[in-house]
Asks: 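One structure is given below, represented as structure tokens, and several questions about it will come after.
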Amino acid sequence: MSLRRTLSFTASLAALGMAAVVVNAPASAARADEGMWTFDSFPIQTVNEKYGTRIDQAWLDRVRNAAVRLQGCSASFVSGEGLILTNHHCVISCVQDLSTAQNDYVKNGWMPATREEEKTCPGQTAEVLTDITDVTDRVLGAGSGLEGAAFVAARSAEIDAIQKEACGDDRKLTCQVISFYRGGKYALYKFRKYEDVRLAFAPEFQAAFFGGDPDNFNFPRYALDAAFLRAYEDGKPVASPNHLKWNPNAPTDGEATFVAGNPGSTSRLLTMSQLERLRDQQIPITLIQSAELRGRLVEYSTLGEEEKRVALDPIFGLENSFKVYYGQQGALTDPAFMAKKRQEEAELRQRVAADPAVAERIGDPWADLEKVQATARDLYLPYRQLEANAGGGSTLYSYARAIVRASKERAKPVAERRAGYADSDIAALGRRLASDAPIPVGVEEIQLSHWMLKTREYLTVDSADVKAMLGAESPETIAARLVQSRLIDPAFRAQALAMTPEQLAASGDPMIAFVLANDDAAQAVRTQWDAGVNAPTARAAEKVAQARFAVYGDNLYPDATFSLRLSYGQVKGWTYRGVTVPSFTYMGGLYERATGAEPFNASERFLAAKDRINKDVVYDFVSTNDIIGGNSGSPVINAKGEVIGAAFDGNIHSLGGSFGYDGELNRTVSVSTAAVTEALRNVYNQPRLLRELGVRR
């Protein structure tokens with residue numbers, strides 16, 4: 001239930017100067033089923049020899065063409081008419097956006113009787129990877145001879161140019177230059193994009209998230225964390241001949257499994273100095289702020305049914321993220337884990353030093369990164385509060401800042417604009433701002449006031465930036481005023497995006513005025529961060545990547561970057577401290593686990609269907625596949641290329657998966673297609689979907 005939620009944290013490592021020097025562990029140390037492999041370097045022979053499979057390039061191409069990237073999640077086409085399988089928790093924001101106080105689809109589920117009733121998910125897109133092109137030389141050549149913020153700007157401009165040359169203004173394409181091995185390689189990924197994505201089926205929240213937070217990152221699980229979307233184009237369902245065949249049968253113990261999805265970010269080979277700053281500064285602050293904000297939202301949710309409804313998704317995300325941070329902090333405070341990391345780093349450095357030619361070429365990037373951490377410690381709090389985490393999650397704030405910055409850049413000659421602010425980029429922003437998703441004002445007010453309170457606490461009352469932000473008012477008073485912004489109206493957002501900075505200043509909108517007054521300070525600290533942290537980190541990280549290639553070769557899987565990957569493994573339980581956890585749970589176990597009290601209250605539909613359900617059907621299962629946040633909704637595929645499940649979580653041991661993989665303990669948790677089929681047949685009475693999936697009623 002949590003893999004999407006971890007993405008926001010792991011992806012933020014890069015934004016906060018903690019981007020991993022991520023390649024695989026030394027080849028000699030690689031073990032078990034470790035690795036999130038790109039499709040152009042998947043170890044076909046290794047897998048076939050280990051599992052007796054017959055994977056070939058044609059098999060990989062079929063899987064790649066069926067895999068789908070959503071906003072923050074993964075998915076797959078499972079019919080020829082644009083039907084997409086993903087997790088329920090990947091669509092819960094959509095379900096909540098479509099709900100009202102009168103029609104709560106989160107609580108009751110969304111099960112349209114006809115295709116015509118499928119509802120558009122605001123802001124959702126579906127992307128399919130079509131091409132991969134190596135652009136390493138071009139990117140590495142940019143910024144040559146430059147340092148600091150100028151280096152970062154030059155690299156960004158070149159990457160932006162590559163993307164625009166490949167995709168132009170074609171709204172049906174997404175082009176993204178992705179850094180692999182933290183600067184060791186760059187590739188242009190081209191995606192076919194669908195902007196009209198509609199909700200085709202979602203079970204009720206209690207069925208999808210049975211067991212709630214206590215069961216999250218645990219197993220056994222009894223969660224129907226599955227949902228269906230459909231991609232449309234020109235008002236019609238897209239033709240998707242490249243789709244995965246639906247297998248309604250349960251997997252078997254030991255069966256080979258493959259997970260195709262978009263893992264968000266791993267930090268497995270950060271240097272020790274980077275890991276220590278993460279452990280000592282970044283994660284503790286994140287834990288404190290997340291816990292406090294969650295408490296405020298939980299209190300708000302007790303005010304009434306509507307407050308409970310609109311706070312559900314933000315609370316869900318915070319609870320999940322908190323558990324992730326806590327697990328990662330546990331890994332970084334484990335003496336054995338950190339000793340292993342020190343040993344690996346020492347081995348690499350010794351092997352570099354033992355080769356004079358390599359040592360001369362590489363230098364000592366580990367020492368350089370250690371110096372960077374000292375700068376990052378000093379800049380982290382102002383950068384986090386004024387720039388990276390500004391607004392505290394407020395949608396209205398993010399809209400205002402995007403509009404203000406676009407207006408400032410548009411006022412410049414095109415050649416002088418920052419990367420990402422070409423006219424086509426601003427047009428794309430306009431389409432995002434047109435979303436009609438509802439914005440819960442009460443939640444916004446809590447997020448804004450909490451952010452300003454923490455900014456004042458961390459930067460102190462005497463900070464010039466805090467004085468400029470708050471003046472003589474309290475954070476609560478300011479937040480109450482800011483949420484009165486007209487930016488809640490998509491029509492006004494469109495008008496504001498077309499305004500000059502002077503017109504924005506004259507608009508009288510409180511949120512726009514607030515951002516205009518404070519954005520220069522945010523931009524200044526961003527420039528400091530680029531110069532003091534991002535640029536030297538990038539330089540040193542490239543050297544560490546080169547060192548690893550020189551010592552261990554380049555047949556290694558790269559870091560996770562929310563780009564399409566394929567992991568391999570098998571259905572398998574685990575044993576920990578003498579307790580063996582089996583591979584499967586069964587649908588009958590739901591009724592044994594149910595107590596009638598939240599979060600172990602079975603949904604009313606499942607209770608009503610108790611006598612109809614085949615209780616021996618496999619519900620959820622675990623496998624050794626190596627995954628991370630962003631893999632939510634990823635299809636679990638058998639050796640025939642059929643979908644047999646959807647990955648939705650990891651077990652408790654996987655929480656340190658950002659930093660390492662343990663093949664004995666780390667497990668992927670998936671809902672089986674057998675359970676989804678049984679539920680569609682005997683709980684939700686969905687013959688239309690079953691027919692489309694090729695399942696006999």
Side-chain angles (χ1 to χ4, degrees), residues 3 7 22-24 30 32-70 73-78 85-86 127-132 176 178 180-181 185 187 189-191 242-245 247 251 255-266 268 554-571 623-648 650 654 657 661 663 666-668 670:
L3 295 172
L7 177 61
V22 260
V23 295
N24 191 15
D33 298 324
E34 179 176 351
M36 304 170 202
W37 298 86
T38 57
F39 270 69
D40 56 351
S41 64
F42 187 74
I44 295 175
Q45 183 177 348
T46 298
V47 175
N48 286 340
E49 290 176 353
K50 180 172 184 178
Y51 287 112
T53 53
R54 297 182 179 179
I55 305 305
D56 57 17
Q57 189 58 49
W59 187 97
L60 291 176
D61 291 342
R62 287 195 299 273
V63 170
R64 174 179 56 78
N65 286 321
V68 176
R69 184 170 73 169
L70 303 174
C73 270
S74 301
S76 59
F77 282 118
V78 290
L85 170 69
T86 189
E127 297 174 319
V128 177
L129 178 63
T130 60
D131 295 289
I132 302 174
Q176 181 183 6
I178 300 172
F180 296 104
Y181 312 106
K185 175 183 175 182
Y189 274 40
K190 181 183 287 189
F191 300 85
N242 294 310
H243 64 272
L244 299 176
K245 181 181 178 182
N247 186 333
E255 181 174 356
T257 51
F258 302 84
V259 173
N262 301 276
S265 176
T266 51
R268 293 182 177 180
D554 59 2
N555 187 25
L556 310 167
Y557 73 87
D559 58 313
T561 52
F562 197 52
S563 56
L564 187 62
R565 303 299 175 86
L566 186 65
S567 69
Y568 63 89
Q570 63 178 319
V571 176
S623 63
T624 61
N625 296 86
D626 189 4
I627 63 172
I628 200 70
N631 269 122
S632 281
S634 296
V636 184
I637 304 164
N638 65 15
K640 295 179 181 179
E642 301 166 334
V643 60
I644 59 172
F648 70 90
S654 71
Y661 173 81
N666 286 27
R667 293 295 182 268
T668 292
S670 305

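The first residue in the sequence is number 1, and the count goes up from there.
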Asks: Tell me if a side-chain donor or acceptor on N247 pairs with a main-chain N or O of V643 at a distance below 3.5 Å.
Replies: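 Flag not set: sc N247 to bb V643 has no pair under 3.5 Å.
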Asks: Under the salt bridge (charged side-chain N to carboxylate O under 4.0 Å, His left out) definition, can you give me all pairs with a residue in residues 629-639, not counting sequence neighbours?
Replies: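 For residues 629-639: none.
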Asks: If I take atom CZ from residue F258 and atom OG from residue S567, how far apart are they, to the nearest 0.5 angstrom?
Replies: 9.5 Å
Asks: I need the minimum non-hydrogen distance between I627 and V259, along with the two atoms involved.
Replies: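 Closest heavy-atom pair between I627 and V259: CG2-CG1, 3.9 Å.
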Asks: When rounded to the nearest 0.5 angstrom, what distance separates CH2 in W37 from CG in L556?
Replies: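 It comes to 7.0 Å.
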Asks: Counting only N and O atoms by type, is there a donor-acceptor contact under 3.5 Å from the side chain of T266 to the main-chain atoms of A560?
Replies: yes
Asks: Going by heavy atoms in the side chains, are L60 and I44 under 4.5 Å from each other?
Replies: yes
Asks: List in chain and number order the residues that pass side chain to side chain contact (heavy atoms under 4.5 Å, CB included) with N242, two or more places apart in sequence or in another chain; answer none if no residue qualifies.
Replies: N65
Asks: Roughly how far apart are D40 CG and Q57 CD, rounded to 0.5 Å?
Replies: 9.0 Å
Asks: Over all heavy atoms of both residues, which pair between V63 and A260 is shortest? Give the atoms and the distance, please.
Replies: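 Reported closest heavy-atom pair: CG1-CB, 3.7 Å.
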Asks: Judged by atom type as modelled, is there a donor-acceptor pair below 3.5 Å linking the side chain of T624 to the main-chain atoms of G569?
Replies: no
Asks: Mind listing the closest non-hydrogen atom pair of I628 and G657 along with its distance?
Replies: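 For I628 versus G657, the nearest heavy atoms are CD1-C, 3.7 Å.
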Asks: Do any N or O atoms from the side chain of D626 and from the backbone of G35 form a donor-acceptor pair under 3.5 angstrom?
Replies: yes
Asks: Distance check, rounded to the nearest 0.5 Å: S632 atom OG versus N262 atom CG?
Replies: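 Between S632 OG and N262 CG, I get 11.0 Å after rounding to 0.5 Å.
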Asks: Of all heavy-atom pairs between F180 and T561, which one has the smallest distance, and what is that distance?
Replies: CE2-OG1, 3.8 Å
Asks: Carefully, step by step, assess F42 and W59 under the rule ring-ring contact (aromatic ring centres under 6.0 Å, His included).
Replies: CA-CA 12 Å; F42 187 74; W59 187 97; 7.4 Å; no
Asks: Which of parallel (below 30°), tilted (30 to 60°) and perpendicular (above 60°) describes Y51 and Y568?
Replies: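 Taking Y568 first and then Y51, their aromatic rings stand perpendicular (interplane angle over 60°).
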Asks: Search all heavy atoms of S74 against all heavy atoms of T86 and return the closest pair with its distance.
Replies: O-OG1, 2.9 Å
Asks: Taking atom CG of L244 and atom CD1 of I644, what is their separation to the nearest 0.5 Å?
Replies: 11.0 Å
Asks: Side-chain contact test, heavy atoms from C-beta onward, threshold under 4.5 Å: evaluate it for D33 versus K50 and give yes or no.
Replies: yes
Asks: Is the shortest heavy-atom distance from the side chain of N638 to the side chain of P251 under 4.5 Å?
Replies: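 In short, these two side chains do not touch, never coming nearer than 4.5 Å.
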Asks: Tell me whether N48 contacts the main-chain N or O of Q45 through its side chain, where contact means a donor paired with an acceptor under 3.5 Å.
Replies: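 Not a single qualifying donor-acceptor pair exists.
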Asks: Could you check if a side-chain atom of E255 sits within less than 4.5 angstrom of a side-chain atom of S623, using non-hydrogen atoms only?
Replies: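 Sidechains of S623 and E255: no contact.
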Asks: Ignoring hydrogens and geometry beyond distance, is a side-chain donor-acceptor pair present between Y189 and R69 at under 3.5 Å?
Replies: no
Asks: Is there a side-chain contact between P558 and T38 (heavy atoms, below 4.5 Å)?
Replies: yes
Asks: Rounded to the nearest 0.5 Å, what's the gap from NE2 on H243 to CG on L85? Could you check?
Replies: 12.5 Å
Asks: For a quick test of reading the model, state the closest non-hydrogen atom pair linking K190 to L129 and the distance between them.
Replies: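 Answer, listing the atom of K190 first, then L129: O-CD1, 3.4 Å.
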Asks: Is the backbone N or O of R268 less than 3.5 Å from a side-chain atom of Y661, with the two atoms forming a donor-acceptor pair by type?
Replies: no
Asks: Under 3.5 Å, is there a donor-acceptor pair linking the side chains of T257 and N625?
Replies: yes
